[in-house]
Amino acid sequence: MNEKTEELRDIFTEVTDGEETVTEAQEDDRGSLEKDERTDRERLESVVTQMNERYGLEGPFSTDDYLQIAEGFYDDRSDAELAEELGVAEDDVFEARMSLHLIDESDADEVDLAAIREREEDDAALAEEYDVSEERIGRYRRVATAQDESRAANDRYRDEFDSVLADADLSERMATDVREDGLEDATEGMETDVDF
């Protein structure tokens with residue numbers, strides 16, 4: 001060591017009360033977000049319970065039935081398919097979906113919901129104007145109401161369903177894609193038609 005280095009070392013040990021080093025042991029902290037320790041099932045049950053407390057879910061459904069409807073919605077199954085599985089009317093499944101804020105784009109693709117939401121006329125007048133049945137107008141109004149409820153809750157229930165059910169589907173698809181594509185990328189350009 002040269003003289004300058006020696007001086008710096010002495011100053012360092014004086015400042016640090018004689019410690020030779022100031023490096024602390026590093027810990028392997030993984031991630032900064034809190035992980036929800038509950039199972040997906042528990043998270044979904046919690047969402048349905050919260051919605052029941054807030055909105056008073058009505059209908060012939062148990063919590064398990066509501067979960068089956070939510071899972072079916074994310075699996076792209078129709079209300080008719082779910083109704084058949086549950087042994088109920090298709091309209092009951094539609095109403096349950098609306099109560100869970102699970103609105104599909106096709107639920108009101110033929111009409112401007114904002115216009116229907118703002119209109120005071122009865123269903124018959126709107127049905128005539130839009131050239132659809134009164135039942136269809138009633139359905140559109142229910143979709144508009146469900147959208148309003150969801151927005152009033154900042155879409156938090158729908159977001160929770162998305163995080164559990166849509167993310168699970170996405171993870172599964174990504175894992176499948178990786179399994180399918182992993183070896184293909186590794187062997188790209190290699191001569192694989194070898195005769196032993």
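All of these numbers come straight from a predicted model, not from anything done at the bench.
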For the residue pair [X] and [Y], confirm or rule out a side-chain donor-acceptor distance under 3.5 Å.
X	Y	value
Ser46	Gln50	yes
Ser62	Asp64	no
Gln147	Arg117	yes

For residues [X] and [Y], report the shortest heavy-atom separation together with the two atoms involved.
X	Y	answer
Leu86	Phe61	CD1-CE2, 3.9 Å
Arg141	Leu126	NH2-CD1, 2.8 Å
Met51	Phe161	SD-CE1, 4.1 Å
Ser163	Arg43	OG-NH2, 2.8 Å
Tyr66	Glu58	OH-O, 3.0 Å
Tyr55	Glu149	OH-O, 3.4 Å

Do [X] and [Y] have side chains that get closer than 4.5 Å, going by heavy atoms?
X	Y	answer
Arg156	Val47	no
Asp79	Phe73	no
Ser99	Arg142	yes
Glu3	Glu6	no
Thr145	Met98	no
Leu44	Leu165	yes

Would a distance-only check, ignoring hydrogens and angles, find a side-chain to backbone donor-acceptor pair under 3.5 Å from [X] to [Y]?
X	Y	result
Asp10	Glu7	no
Asn2	Lys4	yes
Asp40	Val164	no
Asp122	Ala125	yes

From [X] [atom1] over to [Y] [atom2], what is the distance, rounded to the nearest 0.5 angstrom?
X	Y	atom1	atom2	value
Asp65	Asp92	CG	CG	11.0 Å
Gln68	Leu82	CD	CG	7.0 Å
Ile103	Arg97	CD1	CZ	8.5 Å
Glu95	Leu100	CD	CG	10.0 Å
Glu121	Glu129	CD	CD	6.5 Å
Arg119	Tyr130	CZ	OH	5.5 Å

Problem set entry | Glu81, CD: over 12 other non-hydrogen atoms inside 6.0 angstrom |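 It does: Glu81 CD has more than 12 such atoms within range.
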Exercise. Just wondering, more than 12 heavy atoms not from Glu135 lying within 6.0 Å of its CD?
Worked result: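 Counting neighbours around CD of Glu135, 12 or fewer heavy atoms of other residues, nucleotides or ligands fall under 6.0 Å, so no.
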Problem set entry | Derivation of the salt bridge (Lys or Arg N to Asp or Glu O under 4.0 Å) call for Glu45 and Arg41 | CA-CA 6 Å; Glu45 286 173 353; Arg41 177 88 176 165; 3.4 Å; yes
For this session: List the steps, then state whether side-chain contact (heavy atoms from CB on, under 4.5 Å) holds for Val143 with Phe94.
Result: CA-CA 10 Å; Val143 171; Phe94 171 77; 3.8 Å; yes
